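Each remark here refers to the structure printed beneath this line.
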2 protein chains.
Amino acid sequence: MYAPSTRPVVLDPHGAANTCAHCDARAHSVCNAVPDADIARLAAIAVVTHAEPGTTFIQEGDPATHFFNISAGTVRMYKLLPDGRRQITGFAGVGHFLGLAVSDTYAFSAEAIDQVRFCKFSRARVRTLLDDYPAMEKRLLAVAATELVAAQEQMLLLGRKTARERLASFLILQSRQGVACNASRGRFELPMSRSDIADYLGLTIETVSRTLTKLRSDGFIDIPSTTEIAIRAPAALENLATGMA
Amino acid sequence: MYAPSTRPVVLDPHGAANTCAHCDARAHSVCNAVPDADIARLAAIAVVTHAEPGTTFIQEGDPATHFFNISAGTVRMYKLLPDGRRQITGFAGVGHFLGLAVSDTYAFSAEAIDQVRFCKFSRARVRTLLDDYPAMEKRLLAVAATELVAAQEQMLLLGRKTARERLASFLILQSRQGVACNASRGRFELPMSRSDIADYLGLTIETVSRTLTKLRSDGFIDIPSTTEIAIRAPAALENLATGMA
DNA sequence: CATGCACCTTGAGCCAGATCAATGAGACCT
DNA sequence: AGGTCTCATTGATCTGGCTCAAGGTGCATG
């Protein structure tokens, strides 16, 4: 069973009534805007789906038919140039909402990094739902605004920061997002590969690897394993991230 | 009268009833979501303001008290690093809406490039207005989604494109935005300086200048004056912008 | 427990774009 | 008309991160 699947597996094509009521991700997501009493309406249009590592479940340029809400795992969103150069525009974890766009095609692709579970919602159905739940619309606006701020921060990183500053910024961001999941202070998992990190930070794999090694030898971080990081000097790393070093 | 003004000039502190009804920018902006009959309500909370070239009217980190709608001129939005490195995150023209953020402080600064006119709206008042005009909320969501897509495109540019590709992409974008304003086909004004272009594209002034010169000598563009560009070979430039050259 | 494979690290040399340094071209003033 | 100021162009040199090239490492498989 190791042949790469090209299609995500649909587990629950018609949505059990309590799909949403018991969803772990609901507390962190836009779905929260729908009150308990009406949660069945949301569940009715949700299609719970799994995606194996490496599976592309949103393809840039395809007709934008659905919204997505991640309930487990981590996703990479990216854009490609015709010659294959890739820019990862963000990583989406539990509770993250994907597919906001006015255009009728997706503006980016999305792939499962690890084992991913998500809910699919038909755009047309969500639109009618939104009319009844203005709170959800407000929530979506808040999500979009938050993402916009993050995107502007990333532009600053990509346009003006050095490799060292980029890695410092990235590690701080990841440590904040991972903090809820992991016990030991300042230590966290990196679900993505060096190649993903490079394409997110506008660098090459080699520069990412070299820079991480240097940050370790300079005492800013520990690298217990390839996929784990521990921050030794948070304040110093923070300064590094904003160029104050 | 050449001393730089540090504060924008408020022209119409309490908003004449027909301020919005006759606004040139309304057709291109979110204000359009308020129907004619109710336009006075919008006008009542609008404060029309002018900003001289170079004036900063939004300061990153300041309490986010207002929304802004540009009705004339061009604005640069940017973020700074402590040591002064600047990333311009976008240019805002007529009809552009600024100030979307969940945070209670502005995430970026904004400066008038040329003579700018804009309407200021108190956030608190807009919030109550939004409850009565869900169409306006939808419009805001659409604006945010559009900006998000543009931001992702810019990340691809900053992270993965060469200087030549960046300039080609930038010129195509500017030509599209300027097309409505200017008569002769493929020709348009650049309201911003080389320094602004450099900080928008993650390059230096010198590289911008050299690359523009090279694009001219290669026959892609003409540069009738420092602030004007004419695209000679749109298709070839388009290919260049996406790395297919 | 070797073998293969995918991913990561490290080294050596190179190059696109940065930096440093004049010079040129307008715009406005006296 | 000359002076000054700001911004753009052009040239010479330097360098951070890329490219090319070898290993190293961990894990799954036969």
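Residue numbers start from 1 in every chain, and the chains themselves are labelled A, B, ... in the order their sequence lines are given, proteins ahead of strands. Only a predicted model underlies this, so the values are computations on that prediction, with no experimental measurement involved.
Atom CD1 of A:Ile205 is separated from atom P of C:dG11 by 18 Å (rounded to the nearest Å). The CZ-C1' distance, from A:Arg85 to C:dA16, rounds to 13 Å in whole Å. Across the protein-nucleic acid pair, B:Asp114 atom CG and D:dC7 atom C1' stand 17 Å apart, rounded to whole Å. Across the protein-nucleic acid pair, B:Glu228 atom CD and C:dG26 atom C1' stand 15 Å apart, rounded to whole Å. At whole-Å resolution of the value, CG in B:Leu190 and C1' in D:dC7 are 14 Å apart. Rounding to whole angstrom units, CG of residue B:Asp196 and P of D:dT6 are separated by 16 Å. When rounded to the nearest whole Å, the span between CZ of B:Arg194 and P of D:dT10 equals 11 Å. One interatomic measurement links the two molecules: CD1 of B:Ile223 to P of D:dC7, which rounds to 19 Å at whole-angstrom precision.
With 3.5 Å as the limit, one finds a donor-acceptor pair spanning the side chains of B:Glu111 and B:Thr56. Under 3.5 Å, the side chains of B:Tyr200 and B:Gln87 contain no donor-acceptor pair of N or O atoms. For the residue pair A:Ser169/A:Lys161, the side-chain donor-acceptor check at 3.5 Å is satisfied.
Here the side chains of A:Ile197 and A:Phe91 are not in contact, with every heavy-atom distance at 4.5 Å or above. Looking at heavy atoms from C-beta onward, A:Arg194 lies in side-chain contact with A:Leu212 at the 4.5 angstrom threshold.
Between A:Asp218 and A:Arg164 there is a salt bridge, since at least one side-chain N of the basic residue sits less than 4.0 Å from a carboxylate O of the acidic one.
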Please tabulate, one pair per line, each protein N/O and nucleotide N/O from nucleotides 13-16 of chain D that are separated by under 3.5 Å, including the distance.
none

Polar atom pairs between nucleotides 18-21 of chain D and protein, under 3.5 Å, N or O only, would you list them?
| unit_1 | atom_1 | unit_2 | atom_2 | d |
| --- | --- | --- | --- | --- |
| D:dC18 | OP2 | A:Thr204 | N | 3.4 |
| D:dC18 | OP2 | A:Thr204 | OG1 | 3.0 |
| D:dC18 | OP2 | A:Thr207 | OG1 | 2.3 |
| D:dT19 | O4 | A:Arg210 | NH2 | 3.0 |
| D:dC20 | N4 | A:Glu206 | OE2 | 3.0 |

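Residue A:Lys161 is the one, among A:Lys161 and A:Thr226, whose nearest nucleotide of DNA chain D lies closer to the 5' end (criterion: closest heavy atom).
Note on A:Ser209: a base of the nucleic acid sits closer than 4.0 angstrom, heavy atoms only.
Between the OG atom of A:Ser209 and the NZ atom of A:Lys214 there is a distance of 14.0 Å, given to the nearest 0.5 Å.
Here the shortest heavy-atom pairing between B:Phe97 and B:Glu147 reads O-OE2, 4.4 Å.
Distances shown here put every side-chain N or O of A:Ser195 at or beyond 4.0 Å from the OP1 or OP2 atom of C:dC7.
Two rings, from A:Phe121 and A:Phe67, have their centers 6.0 Å or more apart.
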